[in-house]
Protein chains: 2
Amino acid sequence: MSERRPYRRETEERRREDLILAALDLVASGGVQAATVRAIADRAGVTPGLIRHYFQTKEDLTRAAYHRLMQQMTTDSAAVLDDAPTDPRARLARFVAASVSPPVVDITSVGLWAGFVHDVQRDVAMREVHNATYLAFRDKLQELIAALPRTAPVAQLRREAIACNAVIDGLWLEGSILPEGFEPGEIVEIVLSSVGAILGVDLASTYTPDRTPA
Amino acid sequence: MSERRPYRRETEERRREDLILAALDLVASGGVQAATVRAIADRAGVTPGLIRHYFQTKEDLTRAAYHRLMQQMTTDSAAVLDDAPTDPRARLARFVAASVSPPVVDITSVGLWAGFVHDVQRDVAMREVHNATYLAFRDKLQELIAALPRTAPVAQLRREAIACNAVIDGLWLEGSILPEGFEPGEIVEIVLSSVGAILGVDLASTYTPDRTPA
DNA sequence: CTGCTTGTTATACGGTTGTGTAATTCCGGC
DNA sequence: GCCGGAATTACACAACCGTATAACAAGCAG
């Protein structure tokens with residue numbers, strides 16, 4: 001009776017992308033428990049069996065999705081440096097501010113990230129993805145700090161990078177979970193003044209909030 | 001054939017406590033998905049049906065478990081203030097240091113907390129528990145900051161409390177997820193110096209690491 | 001020592017999960 | 001144009017999920 005559903009053949013790259021995005025979408029809106037193979041397939045517009053054709057197991061898809069998430073977040077943070085000014089303070093200020101602003105900070109990002117935390121602690125492959133992206137971000141931060149016009153011993157640089165990264169992480173957390181608890185722009189002001197205080201540099205005055213293109 | 005399992009009657013308080021602790025234990029070690037009614041009952045040494053006798057639904061048990069977790073964390077942080085010195089700087093230093101040290105920071109705490117994040121964002125009751133405990137912690141921090149021997153406008157106090165809380169949260173995060181990435185005592189040093197820098201106060205010199213009782 | 005309350009166990013049920021496997025149909029190469 | 005391979009669908013399966021309900025027994029009141 002029932003006709004077999006018609007379909008189109010797609011490239012492997014495209015299908016994997018669709019499935020990963022569908023998985024992330026579901027984790028963001030409904031938690032890890034909502035990201036079942038059937039729900040993922042449904043959102044991606046395919047049937048559940050296809051998942052097993054591109055990912056040997058559901059865990060593989062989970063790993064790929066997490067990898068994609070972290071990659072996206074670091075990309076978003078670093079994107080502002082592409083056309084950033086050459087003044088070291090302004091560069092740092094821009095990078096720091098972007099890390100606590102959309103799209104890095106939004107209502108779903110923390111929930112998304114939190115959904116993977118447990119797997120990160122258990123799964124070796126996911127732990128490596130985490131370490132790589134986390135340290136890459138912190139190293140980028142340390143690099144920007146080292147470029148500041150001041151003298152600081154190397155050992156101090158590491159601790160300053162850890163501290164500044166902690167401020168960013170904490171504000172990212174609070175800003176995402178409790179967005180209505182802060183006034184617009186308040187988090188950016190706080191991150192600039194506190195990072196500036198930690199480093200002994202005035203960042204707020206060098207920061208141009210946004211280059212709102214016409 | 002099979003004998004009915006023998007059992008002991010317990011008080012309601014005791015059974016609820018056992019079930020809550022079993023649920024937290026499972027979430028910590030295996031994520032939310034591992035905390036099934038059968039697994040919880042098994043760990044608590046009872047049969048699954050008993051859960052529905054003390055909690056109308058599994059969601060009720062989840063709420064109770066989250067409430068218990070947050071309560072425990074704030075209690076652990078505030079405990080160090082019981083016999084703390086009267087010097088405002090020393091009090092703040094002790095409180096801040098305790099917030100990034102065991103038992104608040106340990107390998108399972110973040111995974112445990114992360115497991116509930118999604119429910120917090122969706123469930124109103126859990127959101128209220130979160131806001132209450134989060135703001136209680138931040139207010140306590142602000143209260144300690146306000147007691148410092150210096151003059152600061154009220155509006156500034158709020159932002160300083162947010163910033164210091166962010167540092168603590170960020171270090172709590174990193175220290176729990178990546179414990180081997182930091183040397184012993186390093187996180188405490190960092191939190192004291194950075195919080196001190198944000199507030200313009202020297203905290204590190206007033207901090208007595210631990211009162212190792214004989 | 002007997003009876004009653006109720007804490008606790010036992011069992012059942014419909015729905016869902018991840019996975020394995022066979023049947024189809026799309027689509028490029030000839 | 002059709003043919004073969006592989007992308008995709010369809011179906012089956014055992015295990016597990018949360019929930020509902022009935023049977024049992026533990027321990028206190030008398």
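So that the names make sense, note that chain A is the first sequence line, chain B the second, and so on, each numbered from 1.
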In whole angstrom, what separates [X]'s [atom1] from [N]'s [atom2]?
X: R16(B); N: dT8(C); atom1: CZ; atom2: P; answer: 12 Å
X: H53(B); N: dT5(C); atom1: NE2; atom2: C1'; answer: 11 Å
X: E59(A); N: dT19(C); atom1: CD; atom2: C1'; answer: 14 Å
X: L19(A); N: dT9(D); atom1: CG; atom2: P; answer: 10 Å
X: L61(B); N: dT19(D); atom1: CG; atom2: P; answer: 10 Å
X: F55(B); N: dT8(C); atom1: CZ; atom2: P; answer: 13 Å
X: D42(A); N: dT16(C); atom1: CG; atom2: C1'; answer: 14 Å
X: L50(B); N: dC24(D); atom1: CG; atom2: P; answer: 18 Å

*Contacts to DNA chain D from residues 27-40 of chain B, heavy-atom cutoff under 4.0 Å, which residues?*
T36(B), V37(B), R38(B)
*With nearest nucleotides of DNA chain D determined for K58(B) and G45(A) from heavy-atom distances, which residue corresponds to the more 5′ nucleotide?*
G45(A)
Produce the list of close N/O pairs, under 3.5 Å, pairing protein atoms with atoms of nucleotides 28-30 of chain D; give distances to one decimal.
none

*Could you give all pairs that pass the ring pair (Phe, Tyr, Trp, His ring centres under 6.0 Å) test and reach residues 171-199 of chain A, with sequence neighbours left out?*
W113(A)-W172(A)
*Which pairs count as salt bridge (Lys or Arg N to Asp or Glu O under 4.0 Å) when at least one residue sits in residues 132-143 of chain A, sequence neighbours excluded?*
K140(A)-E143(A)
Excluding sequence neighbours, so at least two apart, what forms side-chain contact (heavy atoms from CB on, under 4.5 Å) with [X]?
X: V32(A); value: V27(A), V32(B)
X: A98(A); value: V80(A)
X: D60(A); value: F55(A), Q56(A), T57(A), R63(A)
X: P179(B); value: I107(B)

_In the structure I gave you, are the side-chain heavy atoms of L141(B) and V96(B) within less than 4.5 Å of one another anywhere?_
yes
_Minimum side-chain heavy-atom gap R122(A)-H118(A) below 4.5 Å_ = yes
*asked:* Does dG18(D) have its OP1 or OP2 closer than 4.0 Å to a side-chain nitrogen or oxygen of T57(B)?
replied: no
*asked:* Side chain of T47(A) only, heavy atoms from C-beta on: which candidate in dT8(D), dT9(D), dT9(C) is closest?
replied: dT9(D)
_Output one letter per nucleotide in nucleotides 20-30 of chain C: B when a protein non-hydrogen atom lies under 4.0 Å from the base, S when only the sugar-phosphate is that close, - when neither is._
B--BSBBS---
*asked:* The criterion is salt bridge (Lys or Arg N to Asp or Glu O under 4.0 Å); which residues satisfy it with R127(A), sequence neighbours excluded?
replied: E180(B)
*Excluding sequence neighbours, so at least two apart, what forms salt bridge (Lys or Arg N to Asp or Glu O under 4.0 Å) with R158(B)?*
E186(A)
_Does E12(A) reach a base, just sugar-phosphate, or nothing at all? Heavy atoms under 4.0 Å._
nothing
*Using a cut-off of 4.0 Å on non-hydrogen atoms, how would the nucleic acid contact of Y54(B) be classed: base, sugar-phosphate, or nothing?*
sugar-phosphate
*Please, which pairs that meet side-chain hydrogen bond (donor to acceptor under 3.5 Å, both in side chains) have at least one residue in residues 13-35 of chain B, sequence neighbours excluded?*
E12(B)-R16(B), R14(B)-D18(B), E17(B)-R68(B), D25(B)-R43(B)
*Can you tell me how far CG of L171(B) sits from OG of S101(B), rounded to the nearest 0.5 angstrom?*
10.5 Å
